[in-house]
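Here is the naming used below: chain letters follow the sequence lines, and residue numbers restart at 1 for every chain. In this text the structure is predicted, and so the values were computed from the model without any measurement.
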There are 2 protein chains.
Amino acid sequence: MADNSTRTAYTVDSLLAVTVGVFNERGYDGTSMEDLSRAAGISKSSIYHHVRGKEELLRLAVGRALDALFAILDEAEAETGPPVDRLEHVVRRTAEVLLSELPYVTLLLRVRGNTATEQWALERRRDFDHRVAELLRAAVTAGELRADVEPRLATRLLFGMINSIVEWYRPGAKGTDGVADAVVHLAFDGLRAR
Amino acid sequence: MADNSTRTAYTVDSLLAVTVGVFNERGYDGTSMEDLSRAAGISKSSIYHHVRGKEELLRLAVGRALDALFAILDEAEAETGPPVDRLEHVVRRTAEVLLSELPYVTLLLRVRGNTATEQWALERRRDFDHRVAELLRAAVTAGELRADVEPRLATRLLFGMINSIVEWYRPGAKGTDGVADAVVHLAFDGLRAR
DNA sequence: GTCTATAATCGGATAGAC
DNA sequence: GTCTATCCGATTATAGAC
């Protein structure tokens with residue numbers, strides 16, 4: 001918007017939405033405050049009015065993604081059904097959260113660990129993975145999942161598949177309906193025709 | 001090695017091995033020439049004796065990964081068996097190449113497209129994906145793979161799973177034997193007990 | 001809440017000696 | 001083939017006006 005006088009002033013949230021888009025396009029390290037100011041249509045120093053700096057923008061964004069993901073685990077662990085059903089719930093809901101919080105989760109999954117904020121994010125991701133691996137292990141013990149693949153390895157490959165959604169999914173694009181269904185089908189029953 | 005006088009002089013290849021390790025730890029954008037010189041134990045200007053700059057190091061590294069991946073497709077497309085067998089060959093060999101060329105493929109998979117070199121790498125990755133999707137489509141047409149998941153979507157999820165190996169695999173670590181086998185089993189037959 | 005101007009530092013790259 | 005010294009543009013962040 002070219003006319004500053006009619007544009008609604010930024011809030012931290014609306015600034016964050018713009019920021020995350022740029023971080024995902026250019027990478028966090030590859031994004032300068034100049035890039036952000038251009039994308040937001042305000043000056044660099046105006047950004048510093050809302051946040052302490054670039055790293056705080058990263059922390060707020062990945063925090064939003066992490067909160068959404070941990071909420072899924074809290075739901076699943078409160079359920080009473082067989083382990084395999086709870087695991088399926090986590091798989092489906094994680095895929096759905098990836099889609100609904102796409103830019104925030106995308107950023108989270110690309111974090112490498114250069115700064116304190118990035119290391120904090122990696123740590124919380126590891127906690128998430130461990131809790132999922134426990135669910136999967138319980139389903140194997142119950143005889144509901146095949147026992148010939150090590151649970152930790154299966155968890156990693158399973159979430160590798162789910163997380164890869166952020167690499168290509170674009171809302172509204174053709175042929176992206178039923179992504180969560182496809183994930184659940186492939187994960188539990190595989191590609192082969194029966 | 002602290003003693004410069006006894007260390008073998010770098011070649012482009014040996015310098016590349018060091019470089020790729022740092023790029024993967026800190027990210028390409030997050031790595032400075034200063035970081036590289038410290039890791040290699042030589043000065044910044046000595047690096048410029050071997051390569052034209054930072055971007056050339058990236059090009060050499062991802063080029064090595066791409067060459068290894070395209071060699072797999074050339075093999076598979078030359079085979080004469082049923083499509084599903086050729087696809088399984090590609091899946092297994094891709095997982096194996098990920099393991100054998102781990103740092104180079106890791107770097108390739110993290111490229112985002114900020115520079116000309118990065119865009120060239122993304123383009124070649126798209127070519128690879130399309131050729132795999134064709135193989136998978138042929139296997140669906142032959143009735144060897146389930147028809148209720150769109151081939152492009154299945155390809156993406158399949159390679160999402162395979163590529164995610166670079167996120168956690170460390171050579172020699174416990175519980176990482178039979179990774180390629182696990183990938184093939186999960187991809188074609190799924191997690192569920194039979 | 002946003003601006004212009006600028007401080008302070010970092011990072012890629014080069015010159016020229018050994 | 002490697003070094004020290006340095007150039008200079010880019011980048012994060014701040015000061016102070018409106």
Output side-chain donor-acceptor pairs under 3.5 Å for residues 168-188 of chain B, partner residues at least two apart or in another chain, one line each.
residue: B:Trp168; atom: NE1; partner: B:Ser164; partner atom: O; Å: 3.4
residue: B:Thr176; atom: OG1; partner: B:Ala173; partner atom: O; Å: 2.8
residue: B:Asp181; atom: OD1; partner: B:Arg92; partner atom: NH1; Å: 2.7
residue: B:His185; atom: ND1; partner: B:Asp181; partner atom: O; Å: 3.3

Can you find a heavy atom in the side chain of A:Arg125 that is under 4.5 Å from one in the side chain of A:Phe159?
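Contact flag for A:Arg125/A:Phe159 side chains = no.
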
Any side-chain heavy atom of B:Ile165 within less than 4.5 Å of one from A:Leu157?
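Yes, at least one pair of side-chain atoms sits under 4.5 Å.
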
Atom pairs under 3.5 Å, N or O on each side, protein against nucleotides 16-18 of chain C: can you list them with distances?
none

Rounded to the nearest angstrom, tell me the gap between atom [atom1] in [X] and atom [atom2] in [N].
{"X": "B:Leu15", "N": "D:dT2", "atom1": "CG", "atom2": "P", "answer": "9 Å"}
{"X": "B:Leu36", "N": "C:dA13", "atom1": "CG", "atom2": "P", "answer": "11 Å"}
{"X": "B:His50", "N": "D:dG1", "atom1": "NE2", "atom2": "C1'", "answer": "6 Å"}

Decide, yes or no, whether a salt bridge links B:Glu77 with B:Arg86 under the criterion of side-chain N to carboxylate O below 4.0 Å.
no

Of the options B:Lys54, B:Glu55, B:Glu56, which is the one that meets B:Thr117 in a side-chain hydrogen bond (donor to acceptor under 3.5 Å, both in side chains)?
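Checked B:Lys54, B:Glu55, B:Glu56 against B:Thr117; only one passes side-chain hydrogen bond (donor to acceptor under 3.5 Å, both in side chains): B:Glu55.
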
Return no unless some side-chain N or O of B:Ser46 is found under 4.0 Å from OP1 or OP2 of D:dT2.
no

Are OP1 or OP2 of C:dT2 and a side-chain N or O of A:His49 less than 4.0 angstrom apart?
no

Could you list the residues that satisfy side chain to side chain donor-acceptor pair (under 3.5 Å) with B:Arg26, not counting sequence neighbours?
B:Asp35

Once salt bridge (charged side-chain N to carboxylate O under 4.0 Å, His left out) is applied, what residue pairs with a partner in residues 135-160 of chain B remain, sequence neighbours excluded?
B:Glu134-B:Arg137, B:Arg146-B:Asp148

For nucleotides 7-13 of chain D, list the nitrogen or oxygen atoms of the protein found under 3.5 Å from its nitrogen or oxygen atoms, one pair per line.
residue: D:dT12; atom: OP1; partner: A:Thr31; partner atom: O; Å: 3.4
residue: D:dT12; atom: OP1; partner: A:Lys54; partner atom: NZ; Å: 3.1
residue: D:dT12; atom: OP2; partner: A:Met33; partner atom: N; Å: 2.7
residue: D:dA13; atom: OP2; partner: A:Tyr48; partner atom: OH; Å: 3.1
residue: D:dA13; atom: OP2; partner: A:Lys54; partner atom: N; Å: 3.4
residue: D:dA13; atom: N6; partner: A:Lys44; partner atom: NZ; Å: 3.3

Show which side-chain atoms of residues 58-74 of chain B pair as donor or acceptor with protein atoms under 3.5 Å away, not counting sequence neighbours.
residue: B:Arg64; atom: NE; partner: B:Glu101; partner atom: OE1; Å: 2.9
residue: B:Arg64; atom: NH1; partner: B:Tyr104; partner atom: OH; Å: 3.4
residue: B:Arg64; atom: NH2; partner: B:Glu101; partner atom: OE1; Å: 3.3
residue: B:Asp74; atom: OD1; partner: B:Arg131; partner atom: NH2; Å: 3.0

